[in-house]
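Here the structure comes first, spelled out in structure tokens, and everything after it is commentary.
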Amino acid sequence: MNATSTTLEPILDFLARTLTTAETTFNKLPGSAVIQRYVKSSHQNDPGRTILELILFIFAVRTLLQSRTRADKNFIQFSDKEVDELVDEWTPEPLAQSLTPQEENDLAAVPIISGPNGPKPKLASTGKTAVNLASYNFTGLSGNEEIKERAVEVLRKYGLGSCGPPGFYGTLDVHMELERDIADFLGTEAAILYSQGFSTISSVIPAFCKRGDIIVADRGVNFAIQKGIQISRSTVRWFDHNDLKSLEEVLESVEKERKKRRGPLTRRFIVTEGIFEKDGAMVDLPKLIDIKFKHKYRLVLDESISFGTVGRTGRGLTELYNVPASKVDMLIGSVANGLNSCGGFCAGSQIVVNHQRINGLSFVFSASMPALLSVAASEGINILRNAPSILATLQENTQAARAILDRLDCITIPSHPASPIIHIHVRNTKSSLHPATAATIVPSTKPSNPTSIMPKDAASWDWDIPAEEKLLQDVVDEALVQGVIITKAKRLRGQEMVDARPSIRLAMTSALTKKETEKAVNVVKSALVKVLGKRR
Amino acid sequence: MTPLPSSPMALTKPPSASFLKKRKSQTLSSPMPSAASYLSALSQADARARNQNNTGRSPTSTPALSLSSSVTSSSEDTVLYEDDREFDNVDGLALPARPPTSEQVFTTVHTEFGHCADERYRYTSAHVPDSEVPAHVEKDPPYYILFSTYISYLILICLGHVRDFVGKRLHPSSYSHLIPKDTCYCEALRYCGSSVLLPTTLLPFTRLFPKYPGLYTNQGNFSSQGYAPLNSDFDSFYTRRLKTRLDECFSQPVTGVAGRTIVLLDRISPDYNHTQILTGNRTRALNISSYNYLGFAQARGGCADAVEESIKRYGISSCGTRLTGGSNDLHVIGEALVAKFVGVEDALISSMGFATNSTIIPALVGKGCLVISDELNHASIRFGVRLSGAHVRMFRHNDMKSLESLLRECISQGQPKTHRPWKKILLIVEGLYSMEGTLANLPAILELKKKYKFYLFVDEAHSIGALGPHGRGVADYFNIDPRSIDILMGTFTKSFGAAGGYIAGSKALIDRLRVHGHSGAYAEAMTPAVLTQVIASMASIMGVGLPSMGPSSSTTTLRLSSSSSTANGNAIEEEYSHPGPAPPSSSRLRRLAFNSRYLHNGLNKLGFITYGHPASPIVPLLLFNPGKMNMFHRMMKDRQTPIVVVVVAYPATPLVTSRVRFCVSAAHTKEDVDTVLRACDEVGDVLDLKHGLERGKRWSVDMICERAVEVAAM
Ligand SMILES: Cc1ncc(COP(=O)(O)O)c(C=O)c1O
């Protein structure tokens, strides 16, 4: 007993000494007192907790250490030689497959304008002038002499490029002026300018919609919106194309789902278009706004086609329906399409706009728009404000075109009568099914599945895409022979979420008179009759 | 219908050889009737230049632009300052340090493009054969700097949280956009103003113990509060509490040309950067911040004249997308020229640089493909890759070892879970990194490419025009055949003073991208004015004239080009193996190369820590402490010769390595770089920034300025 105590003594002594030195050094560390007090008091309150916290601590350290080592169970260990063999064996696919003959033909048939574009440009391929129903020149601003003069003045003051993103000395006074002009024109608090129309909405959506947020979108939204939604990684629910009843149903089901899950409040957005790029349909804005307020969603409205083309002075859908633009939370428009310049914008409240100045990817990470294009757009707004006759002419031409085309029974037109873009589908000879009318023909009471972009009647779509593409291209070629440039709506088959039905897309312009428009559309009509008539 | 000529969109072949011979006698300065003849003149110029190179003639300076159009106004442009403002030249920016002699005729405005006639201040940007490509080294500052940097951020973060905590209770109105609410923000702003402020002013302390959990968290009583805040607290914390303090350095509105100097619209902030008010005053400052590498941001001179001509003739807009009625002859010329310039078969132009990446990459790769991306790649590349649906792996910035081991792992493991082999592997790197100034190690990457069979995509946004003896990017710099790179992408926003971007590669590839890239079908085509700037500036550094914009132009062009037989085309194409055939390098290129090296080496010699390759026109100077960013920016701007700089911080850089980024331009004179060096020297002493060299090894700023040529050649 004694012997053991004598042998133990130095050890105990040593232990005690190390403990005291450890304690003093620990006490010397800044903040140690706090830890000590914390441990003590928590131990007093609940000794079990100390143990629990200790375990937690060890666990945390372990996972930290573990994450350094490979967690992937799928990993296979290879020797260097095996890797070399695998590398040698691997043959990649070619980088780019060559185009199909159809694609080659389509590419070759793309009209190339020689010289200025406008209502009657000269074609590079033939050297002859032709009437243009393909290019976007809705309000005829292309070729406007006042705008050109202003642009040259600006060029001589600012040069061309801005040579920097907006954050780094790329914000010019003319950009701020155009932003103000757009905001004033629409009646919103502010607006922000992007340097390409197409890239605008695919940056706006992910700037606000994050993972876990909810987007309720139309099934017919354009490609740029699809990409924006994809980037955002938000939860998406789809409602039937341009069907606000379906929208309400989807909103209710989303709310039900959330209540069931007792999930937290997330940001919720309705994303749709004013006039749809895909088919020219127009949304019922007042009703949409009612729904949005009722369900407390924010509204992202893409007016890329409708801004600068409808309404008394071209302010777009909000003017057409007499709805204050401030009720649309994020109103996106295209400066390129609507004002014949370049770029796009998002108008909304000051908060919405400022948020994008930091979070809008293609705003932050891209050079700002050339000064002269920005001034050209400001000038365009001026012209639209002061000459409502331009929009009246555009409407007249649109109506004149529809009056001719609506009587044709070999085609269907899904576009709204006021839409300046007119899509023409081939009427199906067999069952004459069309997405817009299919719902009424196929009596199905079951709503579409909101988690899928495919509508319920997708199974009954029976159009033959390649055959229709070919037919429509024949129509385009035929019209060109008769001196009218038209174009198919180009689609990225295979990359779009839904493969839209092939169509011809006419773009009306106020730069042609009613007579000229009628003449050109009659050419299109006879081309349609000739090509589609042969089919039967 | 009459058959259309085969693919006029995809014009790439130079005109036939016989055509070329016929035109051989044509001089450059005579007006060219069509785009085709223009292109042929281009071939001639290249051919001539090659002969010159072969005979070993030393490069001579070429005029800024050999102008061939009918515009004559440039001859009267011997302007020293703009006429609309009186200049007293106190800032020393309006007049050159040394007045020009009688035989020197400058055709540029000094404030846009500096006058510098001294041929000593030129350099050729080229890789020294067989030398190592310098790896990206991150020089570390002393520990106390690192320590104080971390502490600064800690203090900023703590302070920010405290302010949020207190502020939310005392001034809920200023936080209304962060709080869930029942009305939409446009109306909410109005409500909050009246209903919330009132109790706050009366009973401030009751607010400290709130009854409404919804004020603080998103999980509030949501049945009555329908709108979640637009940005969650956490997301916006950085913006509100850190970036706002720096707002003075960002988004400064400017006016006029972003050339050698730039005019700032002065602003003040009465409320700690929450609002900025323009005072109406203007300050001209030396601009070492714009991406104006070759100095083509000019309102006078050949390019601007050409653009004016083009606006008058073509108008503003191209009216539509490339595939649906927005293509015109300028697109065809531009694309052919770009293809020649970068030295590959074909090119595609798109109207925005960002979109070039974000809309083209998804057409290249998709599910089952692997993208290997440098960790510092630009946001547009990440955007495109994310859209493509391909699997992404990153490797350490410019680290070839890390790249190789990643390649070995990825190829041997195959796709995750299934272990199927990858369909294809695309490596995406940038030629010149915009925040680091590093060059992609192209020689090493091409070695790896041989072994690992990946496809290579090089984003030359910053390097095209700015690097290489002929300004043709990193491939030119390293003397590498551009055709060994599968996809070359670049932008016109930088060196060419225009906007938009291009993709260049083999004809099959580009044709595919025309049809399958998102831009062709959906994005607006580039406008004629921008195209003209691209063509004019590019032709200028290639040493050829401009196509005439005469009304007769190009009707015959496309026929000619499309009828040129493939056999002939190939014969000529072979001559185009790049980078051999190029005109003697334009003085812009050599001025840029000199200025870049001079500033980079000069800063090093002064003792600063810089990153990047000495040939890079982007020169990052490390600041580390967040507080120094504001100070550096302000001290440079408040000098007698104001200098505007770009400071970058987290998240564009790692947290600790905040930096200033200088972008050198050919428009700067040697004296301008002196000015910058002197300013940095003084500011650097005040802010304690010189940690790169020991005191003994540093040079004084006077010595550096005196021995500039030697410094640049170091
Ligand atoms: C590497 C890289 N790619 C693309 C871009 C985008 O170019 P742009 O400004 O023309 O949109 C940039 C511009 O900052 C860049 O640095």
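Hydrogens, waters and symmetry mates play no part in the numbers below; they use all other heavy atoms, side chains included.
For B:Ser519, no part sits under 4.5 Å from any heavy atom of chain A, backbone or side chain. Residue B:Ser380 does not touch chain A at all, counting heavy-atom pairs closer than 4.5 Å. With a 4.5 Å cut-off on non-hydrogen atoms, B:Lys494 touches chain A through its backbone but not through its side chain. There is no contact between B:Val365 and chain A, counting heavy-atom distances below 4.5 Å. With a threshold of 4.5 angstrom between heavy atoms, B:Tyr455 approaches chain A through side-chain atoms but not through N, CA, C or O. Looking at B:Ile487, only its side chain comes within 4.5 Å of chain A, counting heavy atoms on both sides. Using a 4.5 Å cut-off between heavy atoms, B:Pro253 touches chain A through backbone and side chain atoms alike. Using a 4.5 Å cut-off between heavy atoms, A:Arg505 touches chain B through its side chain atoms alone. Using a 4.5 Å cut-off between heavy atoms, B:Leu278 contacts chain A through its side chain alone, with no backbone atom that close.
Under 3.5 Å, the side chains of A:Tyr136 and B:Thr321 contain no donor-acceptor pair of N or O atoms.
Salt bridge B:Lys451/A:Asp88: absent, no basic N to carboxylate O contact under 4.0 Å.
Here B:Phe354 and A:Phe365 keep their ring centres 6.0 angstrom or further from each other.
The aromatic rings of A:Phe198 and B:His518 stand perpendicular to each other, their planes meeting at an angle above 60°, with 30° marking the opposite boundary.
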